[in-house]
Amino acid sequence: MASSALTAVRVVRVNATLSLGVALLVVILASLALGSNPISPAQVVQALVDPTNDPDGVVWGSRVPRTLLGLLVGFCLGVAGVVMQGQTGNPLADPGLFGVSSGASLAVVLGAFVLGHNSMSAALFLAMIGALVASVGVFAIATLSRDLANPVPLAIAGTAVSALLNAVISFLVLTNQSSLEAYRVWVVGSLSGRGLDGLPPALLVAAVGLALALVNARSLNSLTLGTELAQGLGETLWRARLVGLAAITLTTASAVALAGPIGFIGLTAPHIARAIVGGNHFRLLPASGLIGAITLLGCDVVGRVIGGQAEVPVGVVLAVLGGVAFVAIVRRTKLAAL
Amino acid sequence: MFPATNLRLAVLALLSVFALAACSSSAGTPAPSATSSTGSAAAGWSYTDDTGATITLPAKPERVVAFADQALSLISYGVQPVGVFGRTDLATDPRFAGIDLANVKILGNAYGEIDLEALAELAPDLIITAVYPSDRKGTLDPKSPFYGMKDLEQQQKIEAIAKVAAVKVGGQGLTLIESNAKLAVALGADQAKVDADKASFDAAAATLSATAKGSDIEVTQLYADADGLYLVKPEDEPQTQLYKSLGVKLTELNPDGDYYWDIYSWENAGKAMSGDVIMISPEGFQIADLKKQPTFAKAPALVAGQVYPNPYTAMDYSAQAKAMDILTGYLTTAKKVA
């Protein structure tokens with residue numbers, strides 16, 4: 001009896017892994033094949049084989065880069081969402097909770113204010129710095145409470161700092177046209193026009209963040225049982241918090257630097273992953289990352305094909321589809337207890 | 001760190017304001033004397049604006065508040081407004097460089113942000129703004145506010161302070177220039193000054209027309225950001241309509257369809273590379289960012305270094321004459337590359 005139950009669990013897991021793999025492959029192929037410039041699949045294959053035979057550089061200049069960006073950004077957000085929800089014990093926590101997105105946005109707006117126009121490469125660099133500075137600031141404020149075991153001071157500090165940064169953003173954006181232009185393009189979140197210049201540094205930062213998230217998995221499992229039980233299991237809470245915070249900051253910072261603030265994925269991917277692979281963070285983290293990547297890339301492809309000659313930014317598609325999906329998830333499954 | 005940076009910026013801004021004030025007062029230019037109003041007070045004053053509304057006042061308005069674009073035109077003809085509201089920061093707007101704003105109250109530096117109390121304090125006789133049609137036929141939507149005003153509610157509050165005359169910005173460039181001039185004359189501008197400016201405008205137009213007829217250079221006017229390229233439709237924008245009517249070859253890929261702009265996602269940017277000269281909006285992406293877009297980096301104008309700024313130019317005879325001389329220069333020096 002017991003062994004057949006175990007086999008059943010294993011079969012379900014294999015199926016889950018298999019279906020995630022297939023879904024990932026499908027969105028990658030769709031991302032390479034489909035776009036606002038309707039070139040034929042044959043032309044795409046030709047261009048992939050021979051980059052000199054790429055019509056107007058569409059495949060290597062646009063589709064390959066944004067496929068790679070989409071995979072990385074989606075994966076980072078999916079992972080960051082799991083760590084954030086696990087650390088705060090709040091199923092509605094979003095990776096932006098610790099001020100990372102606001103910090104990145106303010107840096108971009110300030111950059112446009114000082115430079116006078118919005119440059120994509122400068123924005124990427126500034127966003128990374130802004131995200132890191134903001135979360136270090138949030139952490140510094142939270143340490144004043146001398147109670148790092150408790151996620152509440154961190155969340156409050158994050159909310160307060162975000163509100164302050166957003167106020168400064170509003171002031172700059174309302175008084176300065178070029179800042180407004182930069183912010184308008186930035187704040188939606190998009191994979192368009194980004195190029196691969198920023199990928200290597202972002203990848204490096206993201207890799208460190210993802211590794212820390214994996215290191216944090218055991219602590220996250222213990223934290224699910226509540227802080228007291230976790231301590232009873234030998235968990236050093238402040239260390240678990242610090243590693244988790246660093247993982248969230250680094251993964252979210254690289255995502256936000258590459259694509260701008262993108263909502264819903266960090267919030268919804270962990271719930272879908274929990275429904276598929278269960279609550280063990282060693283499986284939950286990679287599954288949520290994959291679901292994040294699949295969702296982001298899939299929504300990007302949708303945005304590319306519904307806009308005609310122009311495109312609908314993935315941030316907008318996610319806001320519409322993500323909202324609907326989230327309601328569906330909440331209705332279909334009881335939110336898995338954390 | 002952020003408050004400190006902001007403080008420094010604020011101090012810098014304050015210092016530069018003082019410096020500007022000092023410059024303008026030390027330069028000792030007397031405020032332009034109010035234009036001679038040959039007392040027609042008894043007869044009253046009436047003016048039919050571009051919306052078809054007839055504005056009647058007991059006397060010719062002396063205290064005029066204007067939207068920046070219209071204010072520039074008025075000032076060029078010697079009509080000094082007492083207040084200006086703009087879409088951009090007027091202190092740094094290059095169009096206002098060299099114009100003494102010491103006696104002009106700045107009522108707003110961002111779209112829809114108009115200080116109503118300060119406006120009421122100025123006790124204007126007349127407020128002048130622009131109105132943009134909502135389509136190619138020139139339809140004015142009565143439900144949308146005048147340009148520069150946030151909404152109809154704000155517009156009603158402004159109309160309660162003083163009557164508002166609107167200049168229609170759409171259709172033929174020449175009509176718009178004439179409309180601005182007609183309004184300036186109605187407000188007391190010296191007809192001789194208008195005629196002199198018109199003579200220099202006609203000369204510049206003749207030179208541009210002659211140069212364009214002997215040239216096969218195609219000019220593309222665009223704005224770009226991460227979403228893609230925005231191509232101006234020459235027939236829908238008054239200034240480009242004027243250039244086209246003078247024989248300048250402007251990129252016009254799709255004269256029908258959407259009003260005013262066509263958006264080309266970066267995947268589709270290759271379809272918009274037919275220009276020999278690119279004139280680029282001062283907002284959004286600049287040359288370095290355009291070169292970073294693999295799908296547009298091969299644009300012949302970009303490769304040949306024939307990309308020039310396309311600042312907003314007021315629609316008055318003198319400013320337009322200068323802009324046309326600059327365009328003539330581009331057409332003369334540019335090589336056919338596309």
Side-chain angles (χ1 to χ4, degrees), chain A residues 35-39 54-63 65-66 103 106-107 110 113-114 116-123 130 133-134 137 161 164-165 168 171-178 180-182 184-186 188 190-197 260 304 307-311 313, chain B residues 1-3 5-6 9-10 12-13 86-94 108-113 223-231 253-254 257-258 261-273 280-299:
Chain A
S36 51
N37 190 347
I39 55 173
D54 188 356
D56 289 332
V58 167
V59 175
W60 285 98
S62 170
R63 291 192 192 166
R66 68 196 290 173
L106 176 59
L110 263 181
F113 181 64
V114 175
H117 62 83
N118 55 351
S119 153
M120 216 63 236
S121 37
V133 169
V161 169
L164 175 71
L165 298 184
V168 179
F171 172 75
L172 285 175
V173 160
L174 284 175
T175 49
N176 182 279
Q177 184 67 21
S178 50
L180 176 64
E181 289 293 322
R184 186 185 67 76
V185 174
W186 164 261
V188 177
S190 160
L191 297 175
S192 165
R194 259 67 179 175
L196 284 180
D197 286 357
R304 282 185 238 169
Q309 195 167 241
E311 291 177 2
Chain B
M1 173 187 171
F2 285 121
T5 317
N6 277 314
L9 284 173
L12 208 71
R87 194 179 69 90
T88 58
D89 181 24
L90 297 177
T92 56
D93 188 333
N109 287 316
Y111 189 92
E113 297 290 314
Y223 161 87
D225 62 29
D227 290 343
L229 294 174
Y230 293 65
L231 252 64
L253 302 172
N254 174 29
D258 292 340
W261 295 111
D262 266 330
I263 308 177
Y264 292 79
S265 68
W266 285 112
E267 271 201 13
N268 285 303
K271 294 173 185 165
M273 301 201 300
I280 188 169
S281 162
E283 290 166 20
F285 279 7
Q286 301 300 306
I287 295 172
D289 285 303
L290 286 183
K291 284 186 173 164
K292 281 208 178 123
Q293 293 298 330
T295 51
F296 196 67
K298 293 198 192 85

Quiz item: Which residues pass the side-chain contact (heavy atoms from CB on, under 4.5 Å) test with A:Val173, sequence neighbours left out?
Solution: A:Val109, A:Ile169, A:Leu180, A:Tyr183
Exercise. Look up atom CG in A:Asn37 and atom NZ in B:Lys271, then write down how far apart they are to the nearest 0.5 Å.
Key: 4.0 Å
Practice problem: Looking only at non-hydrogen atoms, find the nearest pair between A:Gly193 and B:Gln293 and report the distance. | Solution: O-NE2, 2.7 Å
Practice problem: Go through the atoms of A:Asp197 and report whether side chain, backbone, both or neither lie under 4.5 Å from a heavy atom of chain B. | Solution: side chain
Practice problem: Hey, could you give me the CG/OG distance between B:Asp225 and A:Ser190, rounded to the nearest 0.5 Å? | Solution: 9.0 Å
Quiz item: Considering residues at least two apart in sequence or located in another chain, which fulfil the side-chain contact (heavy atoms from CB on, under 4.5 Å) criterion with B:Ile287?
Solution: B:Lys291, B:Leu302, B:Val307
Quiz item: Looking at A:Pro313 and B:Asp227, what are the two nearest heavy atoms and their distance?
Solution: CG-OD1, 4.2 Å
Self-check item: Spacing of A:Arg66 atom CZ and B:Glu267 atom CD [to the nearest 0.5 Å]
Solution: 6.5 Å
Quiz item: How close do B:Ala226 and A:Ser192 get, heavy atom to heavy atom, and via which atoms?
Solution: O-OG, 2.7 Å
Practice problem: Could you tell me whether a side-chain N or O of B:Thr295 sits under 3.5 Å from a main-chain N or O of A:Gly57, the two making a donor and an acceptor? | Solution: no
Quiz prompt | Nearest heavy-atom neighbours spanning A:Gln309 and B:Asn268 | solution = O-ND2, 2.9 Å
